[in-house]
2 protein chains.
Amino acid sequence: MELSGVGRVILGSLQRVPRSGYEIKRLVDHSTRFFWAASYGQIYPELRRLEQAGLVAGTSEPTGERRRTVHRLTPKGRRALRAWLVAPDLSYELRDEGLLKLFFAGALAPDEAVALVRSVRLQHEAVLERLLEIQEESAGRRPRFPSYVLAYGIDMHRWMAKWFADLERQLAAEVTAKEEVA
Amino acid sequence: MELSGVGRVILGSLQRVPRSGYEIKRLVDHSTRFFWAASYGQIYPELRRLEQAGLVAGTSEPTGERRRTVHRLTPKGRRALRAWLVAPDLSYELRDEGLLKLFFAGALAPDEAVALVRSVRLQHEAVLERLLEIQEESAGRRPRFPSYVLAYGIDMHRWMAKWFADLERQLAAEVTAKEEVA
DNA sequence: CCTTCCATGTAACCGGTTACATGATTGC
DNA sequence: GCAATCATGTAACCGGTTACATGGAAGG
């Protein structure tokens, strides 16, 4: 009974607090989406499958006339979550269009290559800004491990922005050097 | 006429040298797959679509009795490649199971958390080793921008391995501190 | 001879996004 | 009264992987 991608996020999200599907989605959008996204189209059907498999249990907790189902981990679900967490394999997938363009940047004029590198840097700086905002929003209230992950994201995008800034300077210097010769 | 994901890799791969579908796949597996993968199931059908759209042209160049179609960029294909390269938008998608587990690591015992962080570090070190091998294999023969991208991958995984090594030390120190109290 | 590599393809499947539909609640 | 948010869901679509099938060539 292998745990699916969304299944992992859901079980993890329910680890400490019971939540509605909507709340799970909101949590994901504010946190894991930077390294593990999930959409409604996955969450709601998967909640049903997890319930069917006995890993989560849903109880109706409406707010007024608005129906609302809150899901919590069953002991079996808790075991499945732990089993996944201690399992040794770790997948890592990246789709970075900036790197792909840089890889093929030989087809560009020198100044166009500089512009490309610049836009990659700006992209990482934009993510960095967003992550810093999130960090301020939650100030002290974030639990330990989530705060580590956030710190990692911040450090990482800072590092990336710097790497591309360095390359940008180098390429830009070459462009100016050529102009001076001409 | 928006260029698809595989379409970008294919056009880029044909930028300097005409190639067969098999050769494209091999190139991808040795280079872009770390940040942009592509399978046979995508490459061959997409080559047909690109030919239909007039972006690439295939010519039959068999080796002996073994049929072989070599594809090259048409002027239209070259324009499409350049248009994509200079377009401002850059997608960035990450699926990092190590980060996801770390995010939920509150469900683990302290020593289990250390083991997790250690395995994430080892994972990045393994990728790093692989990238260093690739770097040696191709020594001087790699074109400029691909070598930048390779250097980036190496620096990045080195940085990541170090980040997790630091966290690992910190968490391990806490475990030992607790043991001494007990 | 046998294995590995070159070479081309496809069908089934799966995971995930997008877009839409519906309706109650809260706060301005 | 209106907009934003809470809340649940699904159908159509798309992108991508896996597994398989076929067969020639090269090298030990």
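Predicted model only: the values in this text are computed from it and were never measured. Because only heavy atoms are used, hydrogens play no part in the values below, and waters and symmetry mates are left out as well, while side chains stay in. In what follows, chains carry the letters A, B, and so on, assigned in the order in which the sequence lines appear, proteins first and then strands, with residues in each chain numbered from 1.
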Kindly give the atom pairs (protein nitrogen or oxygen, nucleotide nitrogen or oxygen) under 3.5 Å for nucleotides 13-16 of chain C.
from: C/dG16; atom 1: OP1; to: B/Arg95; atom 2: NH1; distance (Å): 2.4
from: C/dG16; atom 1: OP1; to: B/Arg95; atom 2: NH2; distance (Å): 2.9
from: C/dG16; atom 1: OP2; to: A/Gln42; atom 2: NE2; distance (Å): 3.1
from: C/dG16; atom 1: O5'; to: A/Gln42; atom 2: NE2; distance (Å): 3.2

**OP:** Calculate the interatomic distance between A/Ile43 atom CD1 and D/dA7 atom C1'; express it in whole Å.
**Re:** 12 Å
Subject >> Gap between atoms CG and C1', on B/Asp29 and C/dC6 respectively (whole Å) >> reply: 14 Å
Subject >> B/Trp163: side chain to side chain donor-acceptor pair (under 3.5 Å) partners, not counting sequence neighbours >> reply: A/Asp155
**OP:** Using side chain to side chain contact (heavy atoms under 4.5 Å, CB included) as the criterion, list what pairs up with A/Ser91, not counting sequence neighbours.
**Re:** A/Trp36, B/Glu97
**OP:** Mind jotting down which residue pairs meet the salt bridge (Lys or Arg N to Asp or Glu O under 4.0 Å) criterion with at least one end in residues 76-87 of chain B? Sequence neighbours excluded, please.
**Re:** A/Glu112-B/Arg82
**OP:** Could you check how far OH of A/Tyr44 sits from P of C/dT22, rounded to whole Å?
**Re:** 17 Å
Original post:
By a strict heavy-atom criterion of less than 4.0 Å, which residues belonging to residues 13-27 of chain A are in contact with DNA chain C?
Top reply: none
Original post:
What pairs of residues pass the salt bridge (Lys or Arg N to Asp or Glu O under 4.0 Å) test when at least one of them lies in residues 114-124 of chain A, not counting sequence neighbours?
Top reply: A/Arg121-A/Glu125, A/Arg121-A/Glu168
Subject >> CZ (A/Arg16) with more than 12 external heavy atoms under 6.0 Å >> reply: no
Subject >> Pairing residues for B/Tyr22 by the ring-ring contact (aromatic ring centres under 6.0 Å, His included) criterion, not counting sequence neighbours >> reply: none
**OP:** Please check the phosphate of C/dG9 (OP1 and OP2 only) for any side-chain N or O of B/Arg48 closer than 4.0 Å.
**Re:** yes
Subject >> Partners passing salt bridge (charged side-chain N to carboxylate O under 4.0 Å, His left out) against B/Arg19 (at least two apart in sequence or in another chain) >> reply: none
Original post:
Sequence neighbours excluded, which residues qualify as ring-ring contact (aromatic ring centres under 6.0 Å, His included) partners of B/Phe34?
Top reply: none
Subject >> Under the ring-ring contact (aromatic ring centres under 6.0 Å, His included) test, residues paired with B/Phe35 that sit two or more places apart >> reply: none
Subject >> For atom OH of B/Tyr40 and atom P of C/dA7, their distance in whole Å >> reply: 10 Å
**OP:** Report, as a single string ordered 5' to 3', how protein heavy atoms within less than 4.0 Å touch nucleotides 23-28 of chain D: B base, S sugar-phosphate only, - not at all.
**Re:** BBS---
Subject >> Residues A/Arg49 and A/Glu46 bridged, charged N to O under 4.0 Å >> reply: yes
Original post:
Nearest-Å distance, CD (A/Glu46) to P (D/dT10)?
Top reply: 14 Å
**OP:** Scan for ring pair (Phe, Tyr, Trp, His ring centres under 6.0 Å) pairs involving residues 55-85 of chain A, sequence neighbours excluded, and state none if there are none.
**Re:** none
